[in-house]
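These numbers were taken from a predicted model, which means no experiment stands behind them. Excluded from the calculations below are hydrogen atoms, water molecules and symmetry mates; all remaining heavy atoms, backbone and side chain alike, are included.
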Amino acid sequence: MAPSFDDGNSLFNFVVRDGNGVKGMVDSGLSTVPQAYMQPPIERIDKDRARKHGQPPIDLSKLGGPEHDEVAKQIVRAAENLGFFQVLNHGVPVDLLESLKDTAHDFFSLPAEKKAVYRADVSPTPLVKYGTSFVPQKEKALEWKDYISMQYTNDAEALQHWPEEIRDVSLEYLRTSMSMVRKLLLVLLENLGVKPEDSMIDVLVDKKMVNMNYYPTCPNPDLTVGVGRHSDMGTLTILLQDGIGGLYVKIEDDSEFGKKGEWVEIPPVPGALVINVGDMVQVLSNGKYKSAEHRVRTTSTKSRVSIPIFTMPNATTKIAPLPEVVEKDGNTLYKEFVLADYMKNFFSNAHDGKKSLDFAKINSV
């Protein structure tokens, strides 16, 4: 028998501590959004007022060809102004992308006890974590999302420890994406005046993680969010979103992409992947590239999945603006820090826009 979701403690225990997730709550016959998930009005997403991002996907097959410079400019322009762009001809087979979405739906349809074995406090491996929301213990309003997170160390450990239901397809997604990631980083770094060797890019993508996110149908999407306002803390994020949509990005400065402070939806494009600039790229570029503040809306019509790959340096890596950029700019916006300290700060707080970057900023006098 499901608990009363009007009681905050009872709901928290059922959804978070017992590992039933939002899906378990919805499957119990939920007809209204519990108070614990109701966002303050300022955080709610008005889809009717948001504009769709109109830029077409970038064709990565043209990198290295006669149109290389033009495609590189498109990548740089998007990284400087929005921090998000979509790509086609990226090297990841389209049938694999379809399989990923189907596999994610199948995994979250498993009985709760099959998923709950990977909850952070009981998981048999530190590489795999199943959870809900972001930091439920610290959030004023919970996010309408369940997820499974799989850290990558090497193929052997992934094959041994990742859940067998999603292991093979997730590993293939990671394998086939990394060539694209390296090409994109090469373009972004060369534009900063850096001639990166393979070893430098190796450092920037040393740590990798594949997530599967599940957003169950919501009885009143206008009151909730799937993911609250945040930027990603890593290097680049590769995101597969399904055809339902609901991803919104905030424009940081007036540009060809829109007005400062405006939220635009990144509409799904069949076969495309979404690329998202992370905080580490903003720091390395001394603020030239923007990590995008983004959030996700829920839907009442159909459950939604998204599958991101997060890339980042190793936790012990020292991060600071690149010397070539600082020399050109004549000033430094960010201090040097060890990534582990940044991560600790990032994962200790609820989502709050780009506030996590304050950790790295040099305080102005």
Side-chain angles (χ1 to χ4, degrees), residues 53 55 57-58 60 63 68-87 90 180-196 200-201 203-207 229-239 247 249-258 260-262 264 266 273-294 308-313 317-337 339 342 346 353-362:
H53 176 56
Q55 298 290 323
I58 298 171
L60 293 188
L63 281 178
H68 175 91
D69 289 350
E70 178 54 37
V71 174
K73 281 180 187 174
Q74 293 173 14
I75 293 167
V76 166
R77 196 159 61 232
E80 288 177 343
N81 292 297
L82 191 63
F84 261 82
F85 53 97
Q86 298 199 70
V87 294
H90 38 62
M180 166 189 61
V181 172
R182 299 180 78 90
K183 288 177 183 176
L184 293 171
L185 283 173
L186 188 62
V187 167
L188 294 173
L189 290 167
E190 285 182 340
N191 179 66
L192 296 175
V194 178
K195 298 295 181 187
M200 180 181 181
I201 294 181
V203 168
L204 295 178
V205 298
D206 182 66
K207 186 175 181 182
R229 299 177 297 107
H230 72 289
S231 56
D232 290 350
M233 58 149 286
T235 303
L236 292 179
T237 301
I238 303 92
L239 177 72
L247 172 64
V249 180
K250 188 177 183 180
I251 296 173
E252 198 161 309
D253 297 303
D254 290 344
S255 70
E256 62 182 295
F257 298 98
K260 181 177 180 178
E262 185 181 9
V264 294
I266 307 293
L273 290 169
V274 180
I275 307 299
N276 171 11
V277 173
D279 290 351
M280 294 308 104
V281 170
Q282 178 159 334
V283 171
L284 290 166
S285 68
N286 205 31
K288 186 175 180 67
Y289 299 137
K290 305 293 190 297
S291 64
E293 183 176 337
H294 56 287
I309 297 172
F310 300 104
T311 66
M312 63 195 78
T317 306
K318 289 183 178 179
I319 305 292
L322 294 163
E324 295 90 342
V325 185
V326 172
E327 184 178 350
K328 185 178 179 181
D329 291 352
N331 68 321
T332 307
L333 299 181
Y334 303 99
K335 65 185 180 184
E336 182 179 83
F337 55 88
L339 183 58
Y342 193 95
F346 185 87
K354 292 183 68 171
K355 196 172 181 181
S356 54
L357 264 170
D358 291 348
F359 174 86
K361 287 179 181 174
I362 293 176

If you take all heavy atoms of [X] and [Y], which pair is closest and at what distance?
X: P308; Y: T237; answer: CB-CG2, 4.0 Å
X: T332; Y: P321; answer: CG2-CG, 3.8 Å
X: I362; Y: K335; answer: CG1-N, 3.5 Å
X: E252; Y: K260; answer: O-CG, 3.1 Å
X: P313; Y: K207; answer: O-CB, 3.7 Å
X: L236; Y: V277; answer: CD2-CA, 4.1 Å

Practice prompt. Might you confirm whether atom CD of E70 has over 12 heavy atoms from other residues, nucleotides or ligands at distances under 6.0 Å?
Written response: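 Yes, CD of E70 has more than 12 neighbouring heavy atoms, counting only those of other groups under 6.0 Å.
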Worksheet item: Looking at H230, R229, K250, which one forms a side-chain hydrogen bond (donor to acceptor under 3.5 Å, both in side chains) with H294?
Response: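 Single side-chain hydrogen bond (donor to acceptor under 3.5 Å, both in side chains) partner of H294 among H230, R229, K250: H230.
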Discussion item. Once salt bridge (charged side-chain N to carboxylate O under 4.0 Å, His left out) is applied, do any residues pair with K73, and if so which ones, sequence neighbours excluded?
Written reply: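 Salt bridge (charged side-chain N to carboxylate O under 4.0 Å, His left out) check on K73 returns nothing, list empty.
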Worksheet entry | Contacts of H90 that satisfy ring-ring contact (aromatic ring centres under 6.0 Å, His included) - sequence neighbours left out |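 So H90 forms no ring-ring contact (aromatic ring centres under 6.0 Å, His included) with any residue.
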Worksheet item: What's the verdict on salt bridge (Lys or Arg N to Asp or Glu O under 4.0 Å) for D358 and K361, showing C-alpha distance, side-chain angles and the deciding distance?
Response: CA-CA 5 Å; D358 291 348; K361 287 179 181 174; 3.4 Å; yes
Item to complete: Verify side chain to side chain contact (heavy atoms under 4.5 Å, CB included) between L273 and L239, making sure each step is shown before the conclusion.
Response: CA-CA 6 Å; L273 290 169; L239 177 72; over 6 Å; no
Below 3.5 Å, can you tabulate the donor-acceptor pairs from side chains in residues 281-288 to any protein atom, sequence neighbours excluded?
| residue | atom | partner | partner atom | Å |
| --- | --- | --- | --- | --- |
| Q282 | OE1 | S291 | N | 2.9 |
| Q282 | OE1 | S291 | OG | 3.2 |
| Q282 | OE1 | K354 | NZ | 2.8 |
| Q282 | NE2 | Y334 | OH | 2.9 |
| S285 | OG | V281 | O | 2.9 |
| S285 | OG | Q282 | O | 3.1 |
| S285 | OG | K288 | N | 3.3 |
| S285 | OG | Y289 | N | 2.9 |
| N286 | OD1 | L333 | N | 2.9 |
| N286 | ND2 | D329 | OD2 | 3.1 |
| N286 | ND2 | N331 | O | 2.9 |
| K288 | NZ | E80 | OE2 | 3.2 |

Practice prompt. Go through the steps to decide whether M312 and D206 satisfy the test side chain to side chain contact (heavy atoms under 4.5 Å, CB included), and finish with yes or no.
Written response: CA-CA 6 Å; M312 63 195 78; D206 182 66; over 6 Å; no
